[in-house]
Amino acid sequence: MKKTILFLILSIQYIYSQHKTEKDSTKNNQLEEVIVTANKIEQKNIEVPVAVTSISAKAILDSRLVSYSDLTGRVPNYLYQGSSVGFQSINSIRGIQVFSYNPAVSIYVDDVNSLDIMAGGLELTDIERIEVLRGPQSTLFGRNAMGGVINIFTKKPTNKTTGFIELENGNFALQRYSAGIKSPIIKDKLFFGLNGLFQKRDGFMKNNIKGTTSTDTSLNGKTIGDEENTYGNIFLKWLVNSKLNFTANVKHQRDFSNASGYLVAQKTEKIALETPTVINLTRIGRHEREMTNYSLTGKYQTQNFEITSITAFQQISFSFRNMDFPGYYESFYRTAIGEKLPTQNVWSQEIRINSAHKENKFQYIVGLYGFKQISYDPTNNLAYELSPANYVIYRNKRNNNGYAAFGEISYRIFDKLKAIAGVRYDIEERESIFNGFGDAIFVGGVFTQINPDLTKSVKYNAFSPKTSLIFSLDKKSNIYATFTRGFRAGGISSQAVPAGVRQDYDPEYSDNFELGYKTGFWNNRVNFNAAAFIINWQDLQFSNLVAPTTYSMENVGDAYSKGIELEANIIPVKGLQLDFAYSINDAQYKDFDLKRLNFITGSQIITPIGGNKLSNAPKTTFYAATQYSIKTSENVNLLFRVEFRNVGGYYTDIQNSLYQPTYQIVNTRFGLSYDNYGLFLWTKNLTNEHYLFYGSSDTSLRRSSVAAMPSQIGVTLSARF
């Protein structure tokens, strides 16, 4: 490893000597121009009638944004809930979140949609821009964008040779090493880009077998939540001619742990907050996930229109062993305990055409989209241990197909008034092959299927309209009014349910009404955005216990969310930047009851939910960051950054009994750079605030909770050319 690092540093020094970077005369004196792709084409943020938080490559580096959790508070009304693994998470925007298998917030990486929750947790390195679109975006982005969209763009190769190396170490045995290079192979014709990351860290929880059935004292003191991640990203871009270009991309990530935090939680929130670093497990589990994304993007440009084609293929494999949940769970499909599940495959194709002249009164974008998914949900392809070498087997395979046609037009009615209208029509077909409790067993190493697997098919369609009016007060200020609709596909419950219980469930919908104001002034030294919204969320999908060990997904009722969001970026003097974000959210469930069965007494338990606060929807979020960058000489620059985040109190569960009080987080980053070399000291959660990173969404059965990571400190050494 040391020889590799030395070679990379020497290589960078040589290339840097051959390619001096240009100096920007306005650096540290003006805000960067904010470009977004909320309408599938690049536009200035001020021209887009949607609430968007856009974080540039520079801002990502300055704040050391390396995880989706770093967006909490920074993005108004955004909350990340997770555990020790990045693919087991909840992204909530304006209180709209996931209670089922499909995400409620759609994540796109380089224009490719991550259809499944298991596709989450992609490592963030060498990022060009992150956009968070708040509110439903289904008209252009399709299924699962009913809460919003997280749009991530990685850096692409150009005619200019660039590269970087970044070495990080921190407490909890953190090692994070990344490097990359981009260069033309044939100038103006063929370009190559490559970057990679290796990350390893220990968990912060220590195991203690006290209170468990284990007598193996060697398990005491073992850290839980250790993980090793490797990530690679390779680009090849070909400019065929002045009109046609292609970009091929492959991303691969492997996540591995021999002390897994997957499915691991404290029994109650009280235990998690009072003893956040102690966990009581009888066994220590392991997991491994491998994910590969392939994509080919083609663009054909003329004077009047542009055609874009995005072809993508994704593969995900996953395995786990000895998950103490309670009870013991192992991945299983047919042959061996802890085996890798069959590979999940997703094919998708989008083709769209849009007008090219942005100055024309009439603009349009129309397109077609389709996908095919074969998936094996890990929480329903497992072996549940009854006793050593005796297991009950759960199996589930999903075959899903979807097709959509979409379009959006805009017309400038007057010089200052523009109208926008859009629509999308989706058709989705879903098939599930599954079993029920006791239908399959694995005893003494032999798999026996007692009852045949069941097959259920359903078909859904959805209509997603959008309308906007945007009025230009002047060249730097706009106000807008927008209506958007979002939807999340229906589906089929993963286990066989009793007679009289519906096996499938309907789609969810969200209707968003939004008023906004965007402006920039003082010679591009101030940006200010404001939005007010109300969302009606219909036909919530929620998991219900309908028989012993059997869950059924059901449409339980409706909810609403309304609030205000403010964002501001200010450069009062050269080198000093102030960033602010504030939100208020009033979100409640409407009048419905949650029904549970007590299988001991046979009676039905009814919990009134109407009037309860929407879970994972903080009352307020506040973010403030101060960054001062000062040149002490021609080549030396000092940077001082402090961030403060306040996340208002919220419930994690639909019953409103598991409450996370208001908490505050302080992050810092200080350092110096010499030419293109940098040395920085950073902290996260400087004051070691105790709060929940995750709490159960349903506390009728258990109150599983995971504490947030304690205070972190580290150092970063970087070189760029």
Side-chain angles (χ1 to χ4, degrees), residues 87 98 100-104 106-107 112-120 138 142-145 289-295 310-319 331-335 339-350 368-382 393-405 425-436 439-440 447 449 451-462 487-497 501-508 541 543 550-555:
F87 50 83
V98 62
S100 61
Y101 311 110
N102 298 313
S106 192
I107 297 178
V112 176
N113 189 6
S114 301
L115 287 178
D116 193 276
I117 289 178
M118 281 300 297
S138 292
R143 70 197 300 273
N144 303 340
R289 180 187 70 155
E290 289 196 74
M291 177 171 63
T292 307
N293 294 336
Y294 307 86
S295 68
I310 303 169
T311 306
F313 176 57
Q314 180 185 79
Q315 292 183 301
I316 303 174
S317 63
F318 187 59
S319 66
S331 56
F332 183 90
Y333 194 71
R334 184 175 292 277
T335 59
E339 67 181 331
K340 273 195 174 182
L341 298 177
T343 302
Q344 172 178 286
N345 296 315
V346 181
W347 298 264
S348 66
Q349 174 66 54
E350 179 173 318
L368 298 172
Y369 175 79
F371 79 90
K372 178 179 177 61
Q373 178 187 35
I374 301 173
S375 71
Y376 301 84
D377 173 46
T379 59
N380 289 286
N381 284 283
L382 54 82
I393 302 302
Y394 293 92
R395 289 155 54 86
N396 186 285
K397 176 184 178 182
R398 299 194 188 103
N399 299 308
N400 303 326
N401 300 283
Y403 316 92
Y425 186 72
D426 283 88
I427 299 173
E428 185 155 337
E429 300 169 347
R430 301 175 73 89
E431 179 187 72
S432 187
I433 304 166
F434 55 94
N435 69 357
D439 287 343
F447 173 74
Q449 189 155 334
N451 295 312
D453 290 341
L454 304 173
T455 300
K456 172 76 174 179
S457 299
V458 292
K459 185 175 181 179
Y460 302 104
N461 57 68
F487 95 99
R488 177 164 46 179
I492 302 165
S493 294
S494 298
Q495 302 172 9
V497 299
V501 177
R502 185 177 169 184
Q503 187 73 54
D504 63 324
Y505 52 94
D506 295 327
E508 292 180 347
Q541 300 164 1
S543 183
T550 301
Y551 289 85
S552 172
M553 194 64 64
E554 299 178 345
N555 299 96

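Residue indices begin at 1 and follow the sequence shown.
Taking the side chain as every heavy atom from C-beta outward, Y294 and Q315 approach each other to under 4.5 Å. Residues R395 and R334 meet the side-chain proximity criterion, which asks for heavy atoms closer than 4.5 Å. With contacts defined as side-chain heavy-atom distances shorter than 4.5 Å, the pair N380/F434 does not qualify. A 4.5 Å side-chain heavy-atom check between I117 and V98 finds at least one atom pair inside the cut-off. Looking at N451 and N435, their side chains never come closer than 4.5 Å, going by heavy atoms from C-beta outward. The closest side-chain heavy-atom distance from I374 to W347 is below 4.5 Å. Contact annotation: the side chain of D506 approaches that of Y460 to within less than 4.5 Å [non-hydrogen atoms, C-beta and beyond]. Between R289 and F318, some side-chain heavy-atom pair lies under the 4.5 Å cut-off.
With sequence neighbours excluded, no residue satisfies side-chain hydrogen bond (donor to acceptor under 3.5 Å, both in side chains) with N144. With sequence neighbours left out, the ring-ring contact (aromatic ring centres under 6.0 Å, His included) criterion links Y369 to no other residue. Partners of E429 according to the side-chain hydrogen bond (donor to acceptor under 3.5 Å, both in side chains) rule, which considers only residues two or more places apart in sequence or in another chain, do not exist here.
No side-chain donor-acceptor contact under 3.5 Å links Q503 and S493. Residues S138 and R488 bring no donor and acceptor atom of their side chains to less than 3.5 Å of each other.
Shown are I433, N400, V458; of these, the side chain to side chain contact (heavy atoms under 4.5 Å, CB included) with I492 is made only by V458.
Salt-bridge annotation for R143 and D426: absent, with no side-chain N of the basic residue lying under 4.0 Å from a carboxylate O of the acidic one.
Listed for the S331 side chain is no donor-acceptor partner under 3.5 Å among the backbone atoms of K340.
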